[in-house]
Amino acid sequence: GIQVEQSPPDLILQEGANSTLRCNFSDSVNNLQWFHQNPWGQLINLFYIPSGTKQNGRLSATTVATERYSLLYISSSQTTDSGVYFCAGDSGGYNKLIFGAGTRLAVHP
Amino acid sequence: DAGVTQSPTHLIKTRGQQVTLRCSPISGHKSVSWYQQVLGQGPQFIFQYYEKEERGRGNFPDRFSARQFPNYSSELNVNALLLGDSALYLCASSLAGTSGNTIYFGEGSWLTVV
């Protein structure tokens, strides 16, 4: 099956800083999505982004499907951005998402 | 509209017991998937159901089973609980069972096996 590698594994920022999170896939994937898991465990869908670029407020994401990677940009970070960011995709076409190990982000005031 | 709802939110079971977790998808969504998330790791796929049929199964033992009801809600059952089954169990829903759909997760059920 596909392997999903996320980097960096841990990230500490001061409020207001910008950051880039990366997700590499070992093979072509469908259904690429980014999630934020809050401290209470809920996974919030940030982007469905199989290719191209999308923006939502301070967050944006870019997927280069031909090179099998995706990037999540966080600008002007806030303490509420803290948590774990996961990317996930499927290769079989049936929403069987394979997740990376996540990037643990801590934003300090 | 309500999001994906799961129950119970927290539960403690003893080794060897059985547990049933419940999930109601977003209204209009016909696909439900179940994931297990062990502390410090990403979620792992357990099952996917679409239109009441199993469409996918992850690498989990037969102690894990699930079903989807005519109203598209779903139950996950785990028999003969082991300590290693302690995890956050997440339910996800999407419009259809194929790729190309945004996937939404519920708040999860925290299971502790003692």
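Predicted, not measured: the structure shown is a model, and the values here were computed from it. Residue numbers begin at 1 in each chain, while the letters A, B, ... track the order of the sequences.
- At a threshold of 4.0 Å, the pair B:Lys13-B:Asp85 does not count as salt-bridged, since none of the basic side-chain nitrogens sits closer than that to a carboxylate oxygen.
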Test log, rule side-chain hydrogen bond (donor to acceptor under 3.5 Å, both in side chains), inputs B:Thr112 and B:Ser86:
CA-CA 5 Å; B:Thr112 301; B:Ser86 296; 5.4 Å; no

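- The contact between B:Tyr35 and chain A is made entirely by side chain atoms (from C-beta outward), counting heavy-atom distances below 4.5 Å.
- Other residues, nucleotides and ligands contribute only 12 or fewer heavy atoms inside 6.0 Å of the CZ atom of B:Arg15.
- Only the side chain of B:Gln37 comes within contact range of chain A, judged by heavy atoms closer than 4.5 Å.
- Crowding of A:Glu5 atom CD: a count of heavy atoms from other residues, nucleotides or ligands under 6.0 Å not exceeding 12.
- B:Ser33 touches chain A through its side chain: at least one heavy atom from C-beta onward sits under 4.5 Å away, while N, CA, C and O do not.
- No hydrogens or angles considered: a donor-acceptor pair under 3.5 Å links the side chains of B:Ser31 and B:Gln48.
- Using the six-membered ring where Trp is involved, B:His29 and B:Tyr104 have ring planes that are tilted, between 30° and 60° apart.
- Interface remark: B:Leu90 contributes side-chain atoms only to the contact with chain A (heavy atom separation under 4.5 Å).
- Residue contact with chain B, scored on non-hydrogen atoms closer than 4.5 Å, involves the side chain of A:Gln37 exclusively.
- Your options are B:Pro43, B:Gly56, B:Gly40, and the one with the most heavy-atom pairs under 4.5 Å with chain A is B:Pro43.
- If you measure heavy-atom distances from B:Ile103 to chain A, the contacts under 4.5 Å come from both the backbone and the side chain.
- With a 4.5 angstrom heavy-atom cutoff, A:Phe35 touches chain B only via side-chain atoms.
- Within a 6.0 Å sphere centred on CG of A:Asp10, other residues, nucleotides and ligands contribute more than 12 heavy atoms.
- Residue contact with chain A, scored on non-hydrogen atoms closer than 4.5 Å, involves the backbone and the side chain of B:Glu107 alike.
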